[in-house]
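Position 1 is the first residue of the sequence, and the numbers go up from there. Please read these numbers as outputs of a predicted model, since none were measured by experiment.
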Amino acid sequence: MISLMAESIRVAAGVIVPASALSVRAVRSSGPGGQNVNKVASKIELRVEMGRIEGLGADARARLEAGTAHRRDAEGRLLVTSQRTRDQGRNLEDAREKVRQLVAGALVAPPRRPRTRPTAGARERRLQEKKREGAKKRLRGRAGDDG
C-alpha cells in the first residue's frame, strides 16, 4: 500500500497546486482484472479545491473554471480519476499529471480570431437565398384568397 499523502503539483513557473488543495482517495477499480479488482483499491480519485491553486491569473482561472465545469463534484472541487493501471502508485501519478495538464492548458490563452467581412459573393448568395425563401412563402397564400 502506498502513502496517499498528496504533495504539491508544480505546473509552471509560479503556478502551483498546493498539497493542502488536494485530497486523494483510493477506491476499487472497475473493469477486467479478476480477483485483483475485487480486493485491491487501485483506482485513484484526486480532488482539487480550485480556489486554492496559486499563481493563476483571473483569465486563466476563468478558463480553468469553464473547461472543468463537467468534472466537478457536489462541493465544486475538480475531480480527476485514474484507473489506467493495476498499480495504485502509477494511477496516482497519472491523476496528478492530468491535473497538471488541465491547469497548464488554462494558462494558454486561445488565439484571437481576426475580424473578417463576408465576401461580395457571400453577400450576394445570402440575398438570393432570402429572395427564394420569400417567394416560397408568398406562394403559401391563405385558403380562399383566389377571388
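- For residues 103-130, the salt bridge (charged side-chain N to carboxylate O under 4.0 Å, His left out) pairs, not counting sequence neighbours, are Glu129-Arg132.
- Between Arg90 and Glu93, no side-chain nitrogen of the basic residue sits less than 4.0 Å from a carboxylate oxygen of the acidic one, so the salt-bridge criterion is not met.
- For Glu54, the side-chain contact (heavy atoms from CB on, under 4.5 Å) partners at least two apart in sequence or on another chain are Ile16, Pro18.
- Applying the salt bridge (charged side-chain N to carboxylate O under 4.0 Å, His left out) criterion to Arg47, with sequence neighbours excluded, gives Glu45, Asp73.
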Q.
I'd like to know whether Arg100 forms a side chain to side chain contact (heavy atoms under 4.5 Å, CB included) with Val11, so could you lay out the CA-CA distance, the side-chain angles of the two residues, the decisive distance to 0.1 Å, and finally the verdict.
A. CA-CA 5 Å; Arg100 195 192 69 69; Val11 178; 4.2 Å; yes
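- You'll find the side chain of Pro110 reaches within 4.5 Å of the side chain of Arg63, heavy atoms only.
- Side-chain atoms of Asn91 come within 3.5 Å of backbone atoms of Arg84 as a donor-acceptor pair (strictly under, hydrogens ignored).
- Closest non-hydrogen pair, Arg77 versus Ser23, comes out as NH1-OG, 3.9 Å.
- Rounded to the nearest 0.5 Å, atoms CD1 (Ile44) and OG1 (Thr85) are 9.0 Å apart.
- Of the possible donor and acceptor atoms, one in the side chain of Ser8 sits under 3.5 Å from a partner among the backbone N and O of Ala19.
- Rounding to the nearest 0.5 Å places NZ of Lys98 at 11.0 Å from CG of Leu78.
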Q: Determine, stepwise, if the pair Ile53 / Val48 fulfils side chain to side chain contact (heavy atoms under 4.5 Å, CB included).
A: CA-CA 8 Å; Ile53 299 174; Val48 181; 4.2 Å; yes
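- The distance from atom CD1 of Ile9 to atom CG of Leu102, rounded to the nearest 0.5 Å, is 10.0 Å.
- Summarising the geometry, atom CG belonging to Leu64 is positioned 8.5 Å from atom CG belonging to Leu107; distances are rounded to the nearest 0.5 Å.
- Taking CZ from Arg10 and CZ from Arg96, the interatomic distance works out to 11.0 Å, rounded to the nearest 0.5 Å.
- For the residue pair Glu65 and Met50, the shortest heavy atom distance occurs at OE2-CB, 3.8 Å.
- A donor-acceptor contact shorter than 3.5 Å links the side chain of Thr119 to the backbone of Ala122.
- Considering all non-hydrogen atoms of both residues, Arg61 and Gly51 come closest at NH1-CA, 3.9 Å.
- Taken to the nearest 0.5 Å, the CG atom of Leu22 stands 9.5 Å off from the CZ atom of Arg52.
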